[in-house]
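Notes for the one structure printed next.
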Amino acid sequence: MNGPAFPADLLRDVAKRRTFAIISHPDAGKTTLTEKLLLFGGAIQLAGTVKARKSSRHATSDWMEVEKQRGISVTSSVMQFDYLGHTINLLDTPGHQDFSEDTYRVLTAVDAAVMVIDAAKGVEEQTIKLLEVCRLRATPIITFVNKMDREVREPIALLEEIEAVLRIDCAPVTWPIGMGKAFRGVFDLIHDRLIRFTPGEERRSSESERIEGLGHARLDALFPDEMGIVRRDVNLVRGASHPFDLPEFLAGRQTPVFFGSGINNFGVQEILRALVEWAPPPQPRDGSVRVVHPAEAPFSGFVFKIQANMDPRHRDRIAFFRVCSGRYTPAMKVRHLRIAREMKLGNVLTFMANERVASENAVAGDIIGIHNHGQLQIGDTLTEGEALAYRGIPYFAPELFRVARPRDPFKSKQLQKGLQELGEEGAIQVFETAQGKTLLLGAVGQLQFEVVADRLAREYKADALYDPASISTARWLVFPDDMTRRNFEREQAASMATDVDGNPVFLATNKYNLQVTIDRWPKVAFHATREHGQRVTQG
């Protein structure tokens with residue numbers, strides 16, 4: 001390798017890391033697949049079934065009360081486990097489109113993604129959006145076509161749709177034997193063998209039958225009704241589709257495709273093996289001043305998520321931190337670059353499936369949890385001294401607004417504290433108007449309001465009223481100088497607010513109002529996005 005020499009132990013440990021997110025449209029089976037990956041990875045012994053919401057067991061990655069009630073994932077969970085000599089960091093993401101901002105942040109912290117497609121519905125709207133985000137970073141994508149145990153669309157038609165709609169080449173690696181009640185297993189096109197599974201909805205299945213060769217007579221004895229169609233389709237696919245090409249996959253231009261059924265354990269081990277064998281280890285990252293190699297000795301990384309009250313008994317706030325270089329050791333001291341202050345990393349956590357344990361060692365690719373008492377924000381970079389800045393995913397201008405006021409006036413402090421913390425966490429955007437100091441909530445989806453109202457009442461004992469606000473959108477402002485800022489704020493006082501980081505924000509009542517203001521103030525920049533932790537007060 002050209003360039004500087006890296007510590008041998010770091011090179012070895014980084015090479016063993018695989019950090020990936022699971023992305024999909026709601027209800028495609030993402031949380032179920034997460035459970036089964038943990039099950040086959042040995043991280044848990046019994047998977048929680050997502051359907052059985054009346055039982056006491058829920059999906060390991062869904063810890064928030066509202067998720068357990070609704071059966072949806074609205075937070076991002078991190079789970080680490082070992083598999084085939086590798087350390088796997090699995091990041092589950094919110095499936096609901098109202099929480100897409102949280103998913104965008106998570107995608108900055110991973111090196112690959114598993115895309116789950118519902119075999120009955122094909123490519124859906126949220127999948128299209130998420131793949132676009134992955135494409136911006138050229139993230140390698142593994143595709144899992146799920147729910148083959150149901151009556152679904154023809155596999156070849158699904159591949160054609162993925163290629164046409166998502167504009168990514170498909171390289172089928174396994175091929176389904178039947179579908180619905182006649183779903184029998186998958187044929188491995190690379191190793192030319194059949195893998196037969198015994199369905200087991202909850203417990204791990206260890207039975208599989210391997211029969212070498214598509215022409216084997218045993219296949220006709222096992223599946224007399226299906227094999228004619230399977231051989232025809234496989235021959236067609238081998239002739240028409242792209243063979244798997246590792247460099248094309250790593251460049252984000254080709255996706256290996258696996259068929260299966262997460263709930264029945266079909267195809268899950270193949271996904272794990274693909275992650276270990278094909279997905280990239282942690283890659284060099286842009287630290288603004290230079291590119292940082294993951295096996296460099298100096299420790300560095302960034303906060304991509306903050307979660308309040310993961311443990312309601314302790315009212316804790318955890319900053320999720322992606323290690324980008326070096327090695328974490330207990331009680332080490334780092335430089336917090338945004339506030340230019342040294343801080344000690346004590347009691348750092350590793351997320352082991354459904355439990356949190358003290359972290360003794362973490363390298364690039366690992367996700368650690370740092371207890372946060374308000375000093376850390378999304379986008380913050382921590383290093384051992386060097387002035388790096390890892391680029392974050394932006395906040396997007398919300399288009400839905402509510403005015404929050406406490407039902408009980410004596411609970412206004414609880415409401416303010418709760419909104420401040422949930423705003424810093426990124427669960428919702430919070431603005432304070434310049435006139436009247438009114439608290440405004442901004443969201444990209446209606447469900448965000450419902451979840452925040454639930455959490456404020458449950459976690460902060462702040463029962464509030466949420467009135468519609470006559471605002472259509474917001475813009476972050478950058479002023480060329482202090483004089484322009486003062487003049488603008490004086491003229492537009494009724495439309496001014498600040499966000500949780502103190503940045504000036506213009507609240508527009510409608511698109512016409514926004515355009516007129518932009519035309520009237522050509523020297524002021526109106527931004528529809530801002531980067532996490534970024535101060536945008538002056539250009």
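Residue indices begin at 1 and follow the sequence shown. Only heavy atoms go into these numbers, but all of them, side chains included; no hydrogens, no water, no symmetry mates.
- In this structure, His293 contributes its side chain and Ala295 its backbone to a donor-acceptor pair below 3.5 Å.
- Contact between Lys461 and Lys411 at its shortest, heavy atoms only, is O-NZ, 3.7 Å.
- Pairing each heavy atom of Leu250 with each of Pro140, the nearest pair is O-CG, 3.6 Å.
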Practice task
Walk me through it: do Phe81 and Leu90 pass the test side-chain contact (heavy atoms from CB on, under 4.5 Å)?
Solution key: CA-CA 8 Å; Phe81 59 95; Leu90 187 165; 4.1 Å; yes
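- The side-chain heavy atoms of Asp82 and Ile88, taken from C-beta on, include no pair separated by under 4.5 Å.
- The pair Arg273-Glu270 does not meet the salt-bridge criterion, since no charged nitrogen lies less than 4.0 angstrom from a carboxylate oxygen.
- For the residue pair Gly423 and Val430, the shortest heavy atom distance occurs at CA-CG2, 3.9 Å.
- A donor-acceptor pair is defined here as one N or O able to donate and one able to accept, closer than 3.5 Å; no such pair exists between the side chain of Ser300 and the backbone of Thr383.
- Formation of a donor-acceptor pair under 3.5 Å by the Thr139 side chain with backbone atoms of Ala112 is not found in this model.
- Ser325 places no side-chain N or O within donor-acceptor distance of the main-chain N or O of Glu296, the cut-off being under 3.5 Å.
- Residues satisfying the ring-ring contact (aromatic ring centres under 6.0 Å, His included) test with Phe258, not counting sequence neighbours, are none.
- In this structure the side chain of Phe244 reaches within 4.5 angstrom of the side chain of Trp278, judged on heavy atoms.
- A donor-acceptor contact shorter than 3.5 Å is absent between the side chain of Asp13 and the backbone of Lys16.
- Closest heavy-atom contact between Arg475 and Ala397: NH1-CB, 3.6 Å.
- For Gln416, the side chain to side chain contact (heavy atoms under 4.5 Å, CB included) partners at least two apart in sequence or on another chain are Glu432, Leu439.
- Judged purely by distance below 3.5 Å, without hydrogens or angles, the side chains of Gln429 and Asp499 never pair a donor atom with an acceptor atom.
- Without hydrogens or angle criteria, Arg18 side chain to Leu275 main chain gives a donor-acceptor distance under 3.5 Å.
- Ile128 pairs by the side chain to side chain contact (heavy atoms under 4.5 Å, CB included) definition with Val123, Val165, Leu166, not counting sequence neighbours.
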Exercise for the section: Please step through side-chain contact (heavy atoms from CB on, under 4.5 Å) for the pair Thr19 and Arg322, ending with a clear verdict. Expected result: CA-CA 10 Å; Thr19 305; Arg322 156 79 191 220; 3.9 Å; yes
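- With no hydrogens or angles considered, a side-chain donor-acceptor pair links Gln80 and Asn89 at under 3.5 Å.
- In this structure, Ile141 and Phe249 have side chains that are not in contact, with every pair of non-hydrogen atoms separated by 4.5 Å or more.
- You'll find the side chain of Val114 stays beyond 4.5 Å of the side chain of Lys30, heavy atoms only.
- Closest approach of Tyr390 and Asp286 over heavy atoms only: CD2-O, 3.4 Å.
- At a threshold of 4.0 Å, the pair Arg290-Glu386 counts as salt-bridged, since one of the basic side-chain nitrogens sits closer than that to a carboxylate oxygen.
- With respect to the salt-bridge test (charged N to carboxylate O, under 4.0 angstrom), the residues Arg253 and Glu248 qualify.
- The distance from atom CG of Leu456 to atom CZ of Phe449, rounded to the nearest 0.5 Å, is 12.0 Å.
- No donor-acceptor distance shorter than 3.5 angstrom exists from the side chain of Ser24 to the backbone of Val116, with no hydrogens or angles considered.
- When atom types are taken as modelled, the side chain of Thr255 and the backbone of Thr143 share a donor-acceptor pair closer than 3.5 angstrom.
- When ring centroids are compared, Phe479 and Phe526 stay outside the 6.0 Å threshold.
- Residue pairs meeting the salt bridge (charged side-chain N to carboxylate O under 4.0 Å, His left out) criterion with at least one partner in residues 366-379, sequence neighbours excluded, are Arg17-Asp366.
- Within the model, atoms CD1 of Ile318 and CG of Leu349 stand 5.0 Å from one another, a figure rounded to the nearest 0.5 Å.
- For Arg405 against Leu415, the heavy-atom pair with the smallest separation is C-CD2, 3.8 Å.
- In this structure, Phe431 has no ring-ring contact (aromatic ring centres under 6.0 Å, His included) partners at least two apart in sequence or on a different chain.
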Practice task
Start with the C-alpha distance between Tyr466 and Val403, add both sets of side-chain angles, then the distance that settles side-chain contact (heavy atoms from CB on, under 4.5 Å), and finish with yes or no.
Solution key: CA-CA 5 Å; Tyr466 302 92; Val403 177; over 6 Å; no
Practice task
Kindly indicate, with the supporting measurements, whether the criterion ring-ring contact (aromatic ring centres under 6.0 Å, His included) is fulfilled by Phe266 and Phe40.
Solution key: CA-CA 11 Å; Phe266 281 106; Phe40 278 95; over 10 Å; no
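- In the model, Glu360 has no side-chain atom that pairs as donor or acceptor with a side-chain atom of Tyr328 under 3.5 Å.
- Put simply, the side chain of Ile142 does not reach to within 4.5 Å of the side chain of Phe20, judged on heavy atoms.
- With hydrogens and angles ignored, the 3.5 Å screen pairs no side-chain donor or acceptor of Lys305 with any backbone N or O of Ala319.
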Exercise for the section: Please step through side-chain contact (heavy atoms from CB on, under 4.5 Å) for the pair Leu477 and Met496, ending with a clear verdict. Expected result: CA-CA 10 Å; Leu477 302 170; Met496 290 300 297; 3.8 Å; yes
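- Evaluation of the side-chain hydrogen bond (donor to acceptor under 3.5 Å, both in side chains) rule for Asp463 yields Arg407 as partners, not counting sequence neighbours.
- Judged by distance alone, the side chain of His336 and the main-chain N or O of Gln375 form a donor-acceptor pair under 3.5 Å.
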